[in-house]
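Let me begin by presenting the structure, written as structure tokens, before commenting on it.
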Amino acid sequence: MLHQRRLSLALGLALALPVTFSSVAHADTPAAAPAGYPADYAKVIEGARKEGKIVIYSTTDSKAAESLIKDFSALYPAVKVEYNDMNSTEAYNRFISEAAAGGATADVMWSASMDLQVKLAAEGYAMSYKSPEASHLPGWANWKDTAYGTTFEPAAIVYNKRLVPESEVPTTHAEFTQLLTSKQDKFKTKVTTYDIEKSGVGFSLMTYDLKYNPQFWDFAKAMGGVSARVQSSTGTMLERISSGENLIGYNILGPYALVRAKKDPSIGVAFTKDYNLVLSRVIFINKAAKNVNAAKLWVDYILSKRGQTIIANDAQLFAIRGDVTGATTSAELSKQLGSALKPMPVSTELLEYLDQKKRLDFLKQWKDATRK
């Protein structure tokens, strides 16, 4: 994923440092509770004002999150946002090690690695908090009012439009397997996907493919037949597809691919009609958060129609709420793909392949099937 701490150059900050945003508005400016919220929500806002800060560990790029942070800071100018952008494994390991040591750590965890987020929540690291916005989410995106899905991000097939004609682009998983087996010479070393040993997102997507694709292992063998190249970064895959070093990529996160395609005429993006996996970035509040009120404000904002509208139209990560309009929304994607969309639920179902034996067995079977 694009998790390489790509901090916006406009911020003028070194890569190793967190991004801290604050509004130019006066810190004592009162903020009213959003319409429809409980009457006592003013206490949360006042508590956050006194805390004056929120620390977020996230896998969402600083550039993608920048508009969200600035808008949040305009709403709650007394709360400085310390935003730490890192990859999913780093975020998980840093959080648990800091929590174990009893030191300062994140108030909010927001990650695309759904399984690791639910694992932390299930192990008691997450605070139970019923957001006033919870009723606006689909049922599969809420785990015990503790961990929430925030986006609706389709996995995509990405291809080089100059070198792969539209007639060759698969519309189903069976067609993808057929393409690789029937045109091995053309696609030899020219296919890319996530390195599922290094990418938590890639691993989760592939294990869910196993659930939905009855010919999954035929697909794996086809990937091996063309000596598919694996990467841990979405950015690297998109660069190589654009240059022609690779011709086609599988299970690439759709939002990043679509953003790249808008400015890169070489990039084509397609979705599958038999089934299309959907990932959601999971958010939760640290049960031991130092800035618990500010954390509540952030979670509620991200789930709100206002925050979701920015997620769709500025961050372009696909809003999960059905009442948000725009091209990058669950509503618009549902019009295109309907029942083919298969969201990965925010539930302990995600933990199946985190079991060490199951994980190792799957990786071994994958390696055996894809062996060149």
Side-chain angles (χ1 to χ4, degrees), residues 21 31 33-38 40-60 64-65 67-76 78-85 91 95 99 105-114 116-118 120-122 124-152 280-312 315 317-321 323-324 346-347:
F21 291 80
Y37 275 40
D40 62 356
Y41 196 79
K43 295 179 182 178
V44 176
I45 297 174
E46 176 61 16
R49 189 190 72 80
K50 290 178 178 177
E51 290 161 358
K53 178 182 179 181
I54 180 174
V55 179
I56 302 166
Y57 289 179
S58 177
T59 63
T60 302
S67 55
L68 288 164
I69 297 169
K70 287 186 174 179
D71 189 53
F72 176 85
S73 296
L75 283 173
Y76 305 112
V79 181
K80 292 184 178 181
V81 178
E82 185 181 299
Y83 190 83
N84 298 266
D85 170 7
F95 177 77
T105 189
D107 299 307
V108 170
M109 290 286 287
W110 187 27
S111 174
S113 189
M114 298 179 70
L116 293 180
Q117 288 288 90
V118 172
L120 288 171
Y125 287 98
M127 183 181 79
S128 178
Y129 172 61
K130 187 173 180 61
S131 170
E133 302 288 352
S135 63
H136 298 287
L137 299 178
W140 59 262
N142 179 352
W143 186 72
K144 298 183 176 182
D145 291 333
T146 300
Y148 296 100
T150 63
T151 57
F152 195 84
S280 186
R281 293 166 197 263
V282 175
I283 198 166
F284 69 77
I285 299 171
N286 177 7
K287 192 173 183 178
K290 289 189 175 181
N291 305 299
V292 65
N293 292 291
K296 290 177 180 179
L297 290 189
W298 177 260
V299 169
D300 295 338
Y301 170 75
I302 291 295
L303 299 180
S304 72
K305 188 172 183 180
R306 176 170 176 158
Q308 288 280 305
T309 299
I310 290 178
I311 280 176
L317 292 174
F318 282 83
I320 194 170
R321 287 177 59 133
D323 58 352
V324 175
V346 183
S347 77

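Source: prediction; values computed, not measured.
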### Task
Measure from the side-chain N and O atoms of Thr105 to the backbone N and O of Ala99, and report whether any donor-acceptor pair falls under 3.5 Å.
no
### Query
Would you say the side-chain atoms of Asp107 pair up with the backbone N or O of Val292, donor to acceptor, closer than 3.5 Å?
no
## Note on the structure
Interatomic distance, CE@Met127 vs NZ@Lys296, rounded to 0.5 Å, equals 5.0 Å
### Query
For Ser131 and Asp300, does a side-chain donor sit closer than 3.5 Å to a side-chain acceptor?
yes
### Message
Does any part of the side chain of Asn84, heavy atoms only, come nearer than 4.5 Å to the side chain of Tyr57, both counted from C-beta?
### Response
yes
### Summary
In this structure, CG of Leu68 is separated from OG1 of Thr60 (nearest 0.5 Å) by 8.5 Å
### Task
Please work out whether the ring planes of Phe152 and Trp140 are parallel, tilted or perpendicular, with thresholds of 30° and 60°.
tilted
### Query
Is the shortest heavy-atom distance from the side chain of Val81 to the side chain of Ser73 under 4.5 Å?
yes
### Message
Can you confirm whether Val346 sits close enough to Met114 that some side-chain heavy atom of one is under 4.5 Å from a side-chain heavy atom of the other?
### Response
yes
### Query
Considering all heavy atoms of both residues, which atom of Ala295 and which atom of Ile285 are nearest to each other, and what is their separation?
CB-CG2, 3.7 Å
#### Entry: Note, Asp323 side chain near Lys305 side chain (heavy atom, < 4.5 Å)
yes
### Query
So, for Leu317 and Thr151, which heavy atoms are closest and what is the spacing to 0.1 Å?
O-CB, 3.7 Å
### Interatomic distance, Met109 atom CE to Asn286 atom CG [nearest 0.5 angstrom]
9.0 Å
### Task
Taking the six-membered ring for Trp and the single ring otherwise, decide whether the centroids of Tyr76 and Tyr301 are under 6.0 Å apart.
no
### Summary
So OH of Tyr37 and CD1 of Ile45: to nearest 0.5 Å the spacing works out to 9.0 Å
## Note on the structure
What one should report as the nearest heavy-atom pair of Ala48 and Leu297 is CB-CD1, 3.4 Å
### Task
Dump the intermediate steps for side chain to side chain contact (heavy atoms under 4.5 Å, CB included) on Thr59 and Arg281, then the final yes or no.
CA-CA 9 Å; Thr59 63; Arg281 293 166 197 263; 3.8 Å; yes
### Task
Compute whether any side-chain donor of one residue and acceptor of the other, for Tyr125 and Gln117, lie under 3.5 angstrom apart.
no
### Query
Which heavy-atom pair separates Phe72 from Ala294 by the least distance, and what is that distance?
CZ-O, 4.4 Å
#### Entry: Verdict with supporting geometry, Arg49 and Glu46, salt bridge (charged side-chain N to carboxylate O under 4.0 Å, His left out)
CA-CA 5 Å; Arg49 189 190 72 80; Glu46 176 61 16; 3.1 Å; yes
### Task
Enter the distance from Ile311:CD1 to Phe318:CZ here, rounded to the nearest 0.5 Å.
12.5 Å
### Query
Closest approach of Thr150 and Ser280, non-hydrogen atoms and distance?
N-OG, 3.0 Å
### Query
What closest approach, in Å, do Ser67 and Ala315 show between heavy atoms, and which atom pair accounts for it?
OG-N, 4.2 Å
### Flag side-chain contact, heavy atom, 4.5 Å: Thr146 against Ser128
yes
### Query
What distance separates Ile302 CD1 from Trp110 CH2, expressed to the nearest 0.5 Å?
4.0 Å
### Message
Is any side-chain heavy atom of Glu51 closer than 4.5 Å to one of Val79?
### Response
no
### Query
Hey, are the side chains of Glu133 and Arg321 touching, using non-hydrogen atoms and a 4.5 Å cut-off?
yes
### Message
Check the orientation of Tyr83 and Trp298. Use parallel for under 30°, tilted for 30 to 60°, and perpendicular for over 60°.
### Response
tilted
### Query
So, does Glu82 use its side chain to make a donor-acceptor pair with the main chain of Ile56 at under 3.5 Å?
no
